[in-house]
K.L.:
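Pasting in a structure now, in structure tokens, and then I'll have a few things to ask.
Counting from 1, the numbers follow the sequence of the chain as shown.
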Amino acid sequence: MLRYSLAKLGRAAGRAKGTKAELPPVQARLAGEKEYYAALRSMLAEIARETRESVIPLYQSEIERKRARPAVTADAEPDWFNRIGLLRMALVRIASNTVDRILNLEGLRHTENFMAAAKRALGIDLRAVVRQEDIEDYVREAIARNTSLIIGFSDDLQKRIEQAVYDNSIAGNSVKTLRKTLMEQFGIADRRAKLIARDQMGKFNSDLNRIRQTQAGVTSYVWSTSHDERVRERHRKLDGKTYKWGEATGAEQGLPPGQPVQCRCIARGVVEF
């Protein structure tokens, strides 16, 4: 990564020494979050379909067998879930590839928008010093992290499905009761999918702002909230405060803007000419 001084470039372009200016950060794109969420929801929908088509009929057959032969005490079998497991692995690959594409595109968009913001706010052309290759290592790490999250998400969902079936089978519950339990579990998974998409895209954008600012020699930033009713009280108190990159903030675990779970705050870089 080529490191440079935005302050020196600014002075060369006519900025007075000793003055300051804020570098507008690149905002996270809602469309990227929606695409990520859609990828996870598609996986959920396919697993739900497979559960309806393969597991529910086996459960129904087991209930009927128990009714016909009261002495039978067998419950749900582990091999009932084999098809879900195979499907899940295929769906994880599809979802991971989709998120891979989303993150690469968002990385490219961020690079373009960062340069545009510097040009618009500071009058500085960064095309000679900013390259897409600068963030390639980070994007690869982010893709690996998100792939791991998707695997964990799908694994947890299968465990929830299995546990719901086992619990209902042992209790001798009806298919209707099982369906209701499974719907609740898929609802939990859907809410988690939405949280993952929002949180990960926010963190990704936050990291890119930090990387691009520190690459440009920007060492401090102003914490800026979304200025709406959804801002948590703790972050509202941080709005307008100045921090140095790497310094602990007043947020959860001392994290910078965009890093606490579902944080929509941003870091406005301070350029000191």
Side-chain angles (χ1 to χ4, degrees), residues 33-103 141-204 252-253 260-262:
E33 175 190 321
K34 288 182 176 180
E35 290 174 33
Y36 194 131
Y37 178 39
L40 295 185
R41 289 202 77 187
S42 177
M43 181 167 64
L44 284 175
E46 286 300 307
I47 293 175
R49 178 190 58 76
E50 183 59 44
T51 302
R52 288 193 304 271
E53 294 180 359
S54 65
V55 177
I56 296 295
L58 289 170
Y59 187 86
Q60 179 67 58
S61 297
E62 190 64 30
I63 288 178
E64 292 171 356
R65 191 159 69 95
K66 286 179 179 179
R67 286 174 181 168
R69 300 173 59 189
V72 173
T73 58
D75 295 305
E77 297 291 339
D79 60 6
W80 286 15
F81 309 101
N82 288 346
R83 286 176 57 177
I84 291 178
L86 292 172
L87 175 65
R88 181 176 62 83
M89 288 187 286
L91 293 173
V92 162
R93 286 193 293 271
I94 294 171
S96 297
N97 288 338
T98 300
V99 172
D100 181 321
R101 177 183 58 80
I102 292 170
L103 295 183
E141 291 173 5
I143 289 170
R145 182 178 67 243
N146 279 270
T147 297
S148 179
L149 274 173
I150 292 170
I151 292 171
F153 171 74
S154 68
D155 185 56
D156 179 69
L157 176 59
Q158 179 161 354
K159 289 177 180 176
R160 285 176 176 274
I161 293 170
E162 292 177 5
Q163 194 61 53
V165 174
Y166 287 137
D167 288 348
N168 277 270
S169 178
I170 292 169
N173 291 333
S174 66
V175 171
K176 182 179 180 180
T177 300
L178 173 61
R179 288 183 186 276
K180 182 179 179 181
T181 304
L182 289 170
M183 284 179 64
E184 291 172 352
Q185 293 304 320
F186 276 102
I188 291 171
D190 184 73
R191 290 190 291 276
R192 187 182 172 204
K194 191 171 187 178
L195 186 151
I196 289 173
R198 179 183 298 137
D199 183 59
Q200 289 303 305
M201 292 309 296
K203 282 180 168 59
F204 184 71
E252 298 85 344
Q253 299 176 295
V261 176
Q262 298 202 77

K.L.:
V261 and E252: side chain to side chain contact (heavy atoms under 4.5 Å, CB included), yes or no, with the steps?
P.N.:
CA-CA 9 Å; V261 176; E252 298 85 344; over 6 Å; no
K.L.:
Identify the heavy atoms of F153 and R192 that sit nearest to each other, and give their distance.
P.N.:
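Taking every non-hydrogen atom into account, CA-NH1, 3.6 Å.
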K.L.:
Taking the side chain as everything from C-beta on, heavy atoms only, tell me whether E50 gets closer than 4.5 Å to R88.
P.N.:
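Heavy-atom side-chain distance check fails, nothing below 4.5 Å.
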K.L.:
Would you compute the distance between atom CG of L91 and atom OG1 of T98 and round it to the nearest 0.5 angstrom?
P.N.:
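Reported to 0.5 Å precision, the distance equals 10.5 Å.
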K.L.:
Considering only heavy atoms from C-beta outward, does the side chain of L157 approach that of Q185 to under 4.5 Å?
P.N.:
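Side chain of L157 against side chain of Q185, heavy atoms only: no contact under 4.5 Å found.
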K.L.:
Quick one: does W80's side chain get under 4.5 Å of I161's, heavy atoms only?
P.N.:
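Contact flag for W80/I161 side chains = no.
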K.L.:
Could you go step by step and tell me if D190 and K194 meet the salt bridge (Lys or Arg N to Asp or Glu O under 4.0 Å) rule?
P.N.:
CA-CA 6 Å; D190 184 73; K194 191 171 187 178; over 6 Å; no
K.L.:
Is the shortest distance from a Lys or Arg side-chain nitrogen in E62 or R65 to a carboxylate oxygen in the other one below 4.0 Å?
P.N.:
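R65 and E62: salt-bridged.
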K.L.:
Answer whether the closest heavy-atom distance between the side chains of R191 and I188 falls below 4.5 Å.
P.N.:
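When only atoms from C-beta onward are counted, I188 and R191 do touch, with a gap below 4.5 Å.
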K.L.:
Identify the two heavy atoms, one from N82 and one from P78, that lie closest to each other, and give their separation to 0.1 Å.
P.N.:
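Heavy atoms of N82 and P78 come nearest at OD1-O, 3.9 Å.
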K.L.:
Without swapping roles, check the side chain of D100 against the backbone of S96 for a donor-acceptor pair under 3.5 Å.
P.N.:
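Looks like no, no N/O pair under 3.5 Å.
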K.L.:
Atom CD1 in I102, atom CD in E33: separation rounded to 0.5 Å?
P.N.:
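Atom-to-atom, I102:CD1 and E33:CD are 10.5 Å apart.
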K.L.:
Can you tell if the side chain of R49 reaches within under 4.5 Å of the side chain of R52, non-hydrogen atoms only?
P.N.:
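The answer is yes, as the side chains (C-beta and beyond) meet within the 4.5 Å cut-off.
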K.L.:
When you look at N168 and T181, which way does the side chain to side chain contact (heavy atoms under 4.5 Å, CB included) test go after all the steps?
P.N.:
CA-CA 9 Å; N168 277 270; T181 304; 3.5 Å; yes
K.L.:
Rounded to the nearest 0.5 Å, how far does OH of Y36 lie from CE of M201?
P.N.:
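Spacing of CE (M201) from OH (Y36) equals 8.5 Å.
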K.L.:
Do the side chain of S54 and the main chain of T51 share a donor and acceptor less than 3.5 angstrom apart?
P.N.:
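Not confirmed, S54 side chain does not pair with T51 backbone.
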K.L.:
Quick one: CD on E46 to CZ on R41, what's the gap to the nearest 0.5 Å?
P.N.:
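CZ of R41 is found 13.0 Å from CD of E46.
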K.L.:
Determine the minimum heavy-atom distance between A39 and A95, stating which atoms define it.
P.N.:
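For A39 and A95, the tightest heavy-atom pair comes out as O-CB, 4.3 Å.
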K.L.:
Taking all atoms of both residues into account, what is the closest heavy-atom pair of L44 and A193, and its distance?
P.N.:
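Heavy atoms only, the tightest pair is CD1-CB, 4.4 Å.
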K.L.:
Please check this pair: side chain of D156 against backbone of G152, looking for a donor-acceptor N/O pair closer than 3.5 Å.
P.N.:
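No: the side chain of D156 does not pair with the backbone of G152.
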K.L.:
Counting distance only, does the side-chain N/O of S148 pair as donor-acceptor with the main-chain N or O of A144 below 3.5 Å?
P.N.:
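Checking the backbone N and O of A144 against the side chain of S148, no donor-acceptor pair under 3.5 Å is found.
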K.L.:
Can you tell me how far the CD atom of E141 sits from the CZ atom of R145, to the nearest 0.5 Å?
P.N.:
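Rounded to the nearest 0.5 Å, the CD-CZ separation comes to 8.5 Å.
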K.L.:
Counting only N and O atoms by type, is there a donor-acceptor contact under 3.5 Å from the side chain of Y59 to the main-chain atoms of L178?
P.N.:
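No, the answer is negative, given that no donor and acceptor are paired below the 3.5 Å cut-off.
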K.L.:
Is atom CD of E64 surrounded by more than 12 heavy atoms (other residues, nucleotides or ligands) closer than 6.0 Å?
P.N.:
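Yes, the 6.0 Å shell around CD holds more than 12 heavy atoms from other groups.
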K.L.:
Nearest 0.5 Å, what's the CZ-CG distance between F81 and L86?
P.N.:
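It is 14.0 Å, given to the nearest 0.5 Å.
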K.L.:
Given side chains that start at C-beta, do those of I84 and I47 come closer than 4.5 Å, heavy atoms only?
P.N.:
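Sidechains of I47 and I84: in contact.
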K.L.:
Quick one: are L182 and I56 in side-chain contact, heavy atoms under 4.5 Å?
P.N.:
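Yes, close enough: below the 4.5 Å cut-off.
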K.L.:
Quick one: does V92's side chain get under 4.5 Å of M43's, heavy atoms only?
P.N.:
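Side chain of V92 against side chain of M43, heavy atoms only: contact under 4.5 Å found.
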